[in-house]
Amino acid sequence: MKVLVINCGSSSLKYQVLDMTNETLLAKGLVERIGLAGSMIAHEKVGQDKFKLEVPMKDHKDAIGHVLEALLDKDHGVVANMDEIGAVGHRVVHAGEKYASSVMITEDVIKALEECTELAPLHNPPNLLGISACKELMPNTPMVGVFDTAFHQTMPPESYIYAIPYEYYEKYRIRRYGFHGTSHKYVAERAAEIIGKPFDKIKIITCHLGNGASVAAIENGKCIDTSMGFTPLEGLVMGTRSGDIDPAIVSFIAQKEGVALDDVNNVLNKKSGMMGISGISSDFRDIEKAAEEGNERAKLALKVFAHSVKFYIGGYMAEMNGADAIVFTAGVGENDIGMRDMICAEMECLGIELCANCNDIRGKEAIISTDTSKVKVLLVPTNEELMIARDTLEIVSKK
Ligand code: ADP
């Protein structure tokens with residue numbers, strides 16, 4: 001079966017078509033500037049050059065219409081007619097406490113996701129627009145929702161309850177949800193395969209370090225804790241997000257700067273993290289360049305980041321009474337040799353020993369710890385689209 005995977009943002013849309021008979025990627029693409037001047041689609045059939053088309057797209061329905069046209073195109077396409085697409089898998093950010101795994105999208109599911117919009121106001125609305133556009137344009141094709149929060153739903157209450165009045169959990173569902181679940185699950189399963197142990201019998205700490213970053217503790221195949229919380233602002237220091245801070249800082253800044261709480265929230269999401277500390281960029285490559293040139297704040301940002309990842313690894317090892325493996329993934333985790341080295345340095349007491357030679361690698365699956373390291377450290381490039389396509393195939397096949 002061929003599966004179309006769709007990941008809708010507010011003005012962008014990423015897609016892939018995978019042939020799930022052998023899990024191969026057939027085509028992928030990106031639509032940008034939906035609803036804005038200069039909207040365009042960049043489509044790539046595997047093995048061919050990228051094909052770009054600037055064409056007005058007023059909404060997500062227009063965008064998906066152009067995606068379908070590209071997929072049917074006689075030169076760049078990968079299907080002869082739409083019936084060849086057996087199912088669509090949609091990435092959806094927030095499913096609240098409603099879904100602990102992927103589900104077939106029905107009217108009830110759409111309603112439940114609409115109710116979660118309050119919890120993810122930036123992400124769920126465009127995800128839902130993508131779903132309704134596909135429903136209109138491909139009414140007979142089954143659709144599956146794959147949720148960023150689902151994998152973390154196995155966390156025990158002691159991991160997800162915040163120490164604030166319990167009625168806020170009951171009234172407003174304020175709790176830790178966690179995000180990046182599809183990525184954490186994919187790389188953890190791959191890590192188990194690579195080290196040759198059953199996924200449901202090992203303890204793994206997955207570090208998804210991209211622009212957004214989170215760590216998860218996975219014991220016997222189930223997530224038991226993760227660093228992102230009620231929103232993706234909590235946890236690790238990120239590109240532009242603060243991660244954990246003393247909550248009293250929020251009202252203190254509002255008072256001192258004479259700004260509204262929403263403005264402080266904006267600062268914590270968009271002007272903090274690596275950007276905020278370094279004052280240079282949110283991109284690790286820029287910060288590392290500046291650090292090499294002697295910039296002290298760039299050096300400090302890198303140290304603060306490494307410290308925050310180390311802190312969670314140590315905490316999760318304590319929570320799980322050890323770990324069999326630590327996995328690095330996403331932009332920084334897959335590419336930043338120096339950062340992986342900084343994070344894993346001086347953790348021999350926990351049985352973590354990075355191998356400098358093996359760590360000299362980017363973007364490829366590898367074991368990067370020494371042969372004697374008690375905890376295996378791995379690099380596993382994430383592949384959320386494949387995971388979404390797998391879940392989609394499984395659910396559609398059960399129908
Ligand atoms: P997201 O999906 O959260 O937007 P990614 O997982 O694509 O983010 O990660 C993007 C980040 O990865 C960039 O901001 C950059 O900091 C980092 N990155 C990418 N390549 C490298 C590299 N070669 N060295 C260091 N950092 C890198």
Side-chain angles (χ1 to χ4, degrees), residues 5-16 28 30 32 42 91-94 120 122-123 126-127 146 148-149 178-187 190 206-216 226-228 231-243 269-293 295 297-299 301-306 308-309 327-344 359-366 368 379-388:
V5 174
I6 296 220
N7 182 352
C8 268
S10 55
S11 66
S12 69
L13 184 166
K14 287 188 216 155
Y15 64 93
Q16 287 194 359
K28 62 178 178 177
L30 172 67
E32 286 178 292
R91 180 202 180 199
V92 179
V93 169
H94 216 310
L122 297 179
H123 295 102
N127 298 159
V146 180
D148 273 29
T149 48
F179 300 89
H180 294 141
T182 312
S183 174
H184 286 293
K185 186 172 179 218
Y186 173 80
V187 299
R190 273 305 296 149
T206 46
C207 307
H208 178 109
L209 312 179
N211 237 327
S214 67
V215 189
T226 191
S227 59
M228 280 182 169
T231 73
L233 181 58
E234 196 186 349
L236 299 177
V237 171
M238 304 176 218
T240 61
R241 287 176 234 162
S242 64
N269 272 292
K270 303 208 169 123
K271 296 184 180 161
S272 300
M274 300 301 280
M275 176 72 225
I277 303 173
S278 71
I280 294 167
S281 165
S282 61
D283 193 306
F284 280 64
R285 289 163 287 198
D286 301 336
I287 299 170
E288 272 154 17
K289 188 164 169 279
E292 274 163 28
E293 289 161 8
N295 184 299
R297 270 174 53 192
K299 287 187 206 167
L302 295 169
K303 282 189 194 160
V304 174
F305 182 83
S308 85
V309 183
V327 188
F328 286 101
T329 194
V332 177
E334 291 169 27
N335 295 298
D336 198 328
I337 297 165
M339 182 47 70
R340 289 194 302 256
D341 190 39
M342 268 174 97
I343 294 166
C344 296
N359 186 39
D360 191 12
I361 187 168
R362 287 198 171 98
K364 278 197 212 116
E365 288 186 347
I368 56 172
L379 191 172
V380 179
T382 193
N383 193 341
E384 288 161 280
E385 290 80 10
L386 177 58
M387 197 79 215
I388 293 172

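Indexing begins at 1, ligand by ligand and atom by atom, following the structure's order. By convention here, the first residue in the shown sequence is residue 1. Worth saying up front: this structure is predicted, and the values here are computed from it rather than measured. All heavy atoms count here, side chains included; hydrogens, waters and symmetry mates do not.
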**Report entry** Option of least heavy-atom distance to atom 19 (C) of ligand 1 (set: E288, R285, E384, K289)
**Finding:** R285
Query - Atoms in ligand 1 with a heavy atom of F284 nearer than 4.0 Å - result: 15 (C), 16 (O), 26 (N)
Requested in this report: Would you mind checking which non-hydrogen protein atom is closest to atom 25 (C) of ligand 1, with the distance to 0.1 Å?
Outcome: D336 OD2, 3.5 Å
Requested in this report: Return the residue, atom name and 0.1 Å-rounded distance of the protein heavy atom closest to atom 17 (C) of ligand 1.
Outcome: V332 CG2, 3.6 Å
Query raised in the report: So do the side chains of P381 and E365 get within less than 4.5 Å of each other, counting heavy atoms only?
Result: yes
Query raised in the report: Can a donor-acceptor pair be found between the side chains of S214 and H184 at a distance below 3.5 Å?
Result: yes
Query raised in the report: Which class fits the ring pair H180 and H208: parallel under 30°, tilted 30 to 60°, perpendicular over 60°?
Result: parallel
Report summary line: For G212, the ligand 1 atoms with a heavy-atom partner under 4.0 Å come out as 3 (O)
Report task. Answer whether the closest heavy-atom distance between the side chains of L302 and M342 falls below 4.5 Å. Result -> yes
Query raised in the report: Would a 4.0 Å cut-off, counted as strictly less than, catch a protein heavy atom around atom 1 (P) of ligand 1?
Result: yes
Query raised in the report: Would a 4.5 Å heavy-atom cut-off, applied to side chains only, mark I343 and L209 as touching?
Result: yes
Query raised in the report: Above 12 or not: heavy atoms from other molecules or residues under 6.0 Å from NZ of K14?
Result: no
Query raised in the report: Of all the atoms in ligand 1, which lie at a distance below 4.0 Å from a heavy atom belonging to A330?
Result: 6 (O)
**Report entry** V327 and R190, any side-chain heavy atoms less than 4.5 Å apart
**Finding:** no
Query raised in the report: Which residue supplies the protein heavy atom nearest to atom 8 (O) of ligand 1, what is that atom called, and how far is it?
Result: N211 N, 3.1 Å
Query - atom 23 (N) of ligand 1 - nearest protein heavy atom and its distance - result: N335 CB, 3.5 Å
**Report entry** Atoms of ligand 1 close to G331 [distance to a heavy atom under 4.0 angstrom, numbered from 1]
**Finding:** 5 (P), 6 (O), 9 (O), 12 (O), 17 (C), 18 (N), 19 (C), 27 (C)
Query raised in the report: Can you list the atoms of ligand 1 that are under 4.0 Å from a heavy atom of D283?
Result: 13 (C), 14 (O), 15 (C), 16 (O)
Query - Any side-chain heavy-atom pair of Y15 and V5 under 4.5 Å - result: no
